[in-house]
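Working notes for the structure below.
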Amino acid sequence: EPEVTQTPSHQVTQMGQEVILRCVPISNHLYFYWYRQILGQKVEFLVSFYNNEISEKSEIFDDQFSVERPDGSNFTLKIRSTKLEDSAMYFCASRWGAGLSGANVLTFGAGSRLTVL
Amino acid sequence: DQQVKQNSPSLSVQEGRISILNCDYTNSMFDYFLWYKKYPAEGPTFLISISSIKDKNEDGRFTVFLNKSAKHLSLHIVPSQPGDSAVYFCAANTLWNTGNQFYFGTGTSLTVIP
């Protein structure tokens, strides 16, 4: 079964450092998302991406965050200068389409755990 | 603004009995609802969904019920099995709004006791 793959599975970084989290969405999917979950808390939306541009972003997704789809297969989340409160599990997700209920299911990756020290 | 709410953070059920997980939403524009299951240190996995044109959708042991007038949905698992022990999230979005986010509830941790 097709899956969303994320790397690294765990990254430890110092506060203020840049981090890039990588995702390979399912190949025929058109919509891409980043969510995160701080330990024990809810799953929070960060950003959605379609047709090579951001469709929607949350208040969390400030100037320190950026996304890119550099080569048609990878989808990356960059945090320019990490803060302690960025420590969380980051989930990439993708879906095939919209408007038809069968296409409107988000498939998630296993997550990248980011620890900021 | 929490548009999707799961008011029960945890639920314990005996094996073989029915598990009922509840979810409420506030945005009447939502027309598609999903349930996800999540194990620790894994990503959420899709379980079952329902569009607003239906009031029930069934898939094996899992049934989702939608009450649009009450803005309420529920997930029934019967019979419950120990392997069902996980955190369950409900989610909602609007089918025709391309690229929009899925709104997630805070999750209900289900424990099925053997």
Roughly how far, to the nearest 0.5 Å, is CG of B:Asn100 from OH of A:Tyr31?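 If I round to the nearest 0.5 Å, the distance is 9.0 Å.
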What part of A:Gln37 lies closer than 4.5 angstrom to a heavy atom of chain B: side chain, backbone, both or neither? side chain
For A:Tyr35, is it the side chain, the backbone, both or neither that has a heavy atom under 4.5 Å from a heavy atom of chain B?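 Only the side chain of A:Tyr35 comes within 4.5 Å of chain B.
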Looking only at heavy atoms, which two atoms of [X] and [Y] are closest? And how far apart?
{"X": "A:Lys42", "Y": "B:Gln2", "value": "NZ-OE1, 2.9 Å"}
{"X": "A:Phe91", "Y": "B:Gly43", "value": "CE2-CA, 3.3 Å"}
{"X": "A:Asn104", "Y": "B:Tyr32", "value": "ND2-CD2, 3.0 Å"}
{"X": "A:Tyr33", "Y": "B:Gln101", "value": "CE2-CA, 4.0 Å"}
{"X": "A:Arg95", "Y": "B:Phe102", "value": "NE-CE1, 3.8 Å"}

Between B:Ser109, B:Pro44, B:Ala91, which residue shows the highest count of heavy-atom pairs closer than 4.5 Å to chain A?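 Ranked by contacts with chain A, first place is B:Pro44.
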Can A:Leu21 be reached from A:Val24 by stepping across I, L, V, M, F, W or Y side chains whose heavy atoms are under 4.5 Å apart? no
Please classify the contact between B:Asn93 and chain A as side chain, backbone, both or neither, with a heavy-atom cut-off of under 4.5 Å.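 For B:Asn93, side-chain heavy atoms alone lie under 4.5 Å from chain A.
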Pick from A:Val43, A:Asn51, A:Leu106 with the largest number of heavy-atom pairs that fall under 4.5 Å of chain B: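 The candidate making the most pairs under 4.5 Å is A:Leu106.
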Do the side chains of B:Tyr36 and A:Val105 get nearer than 4.5 Å, heavy atoms only? yes
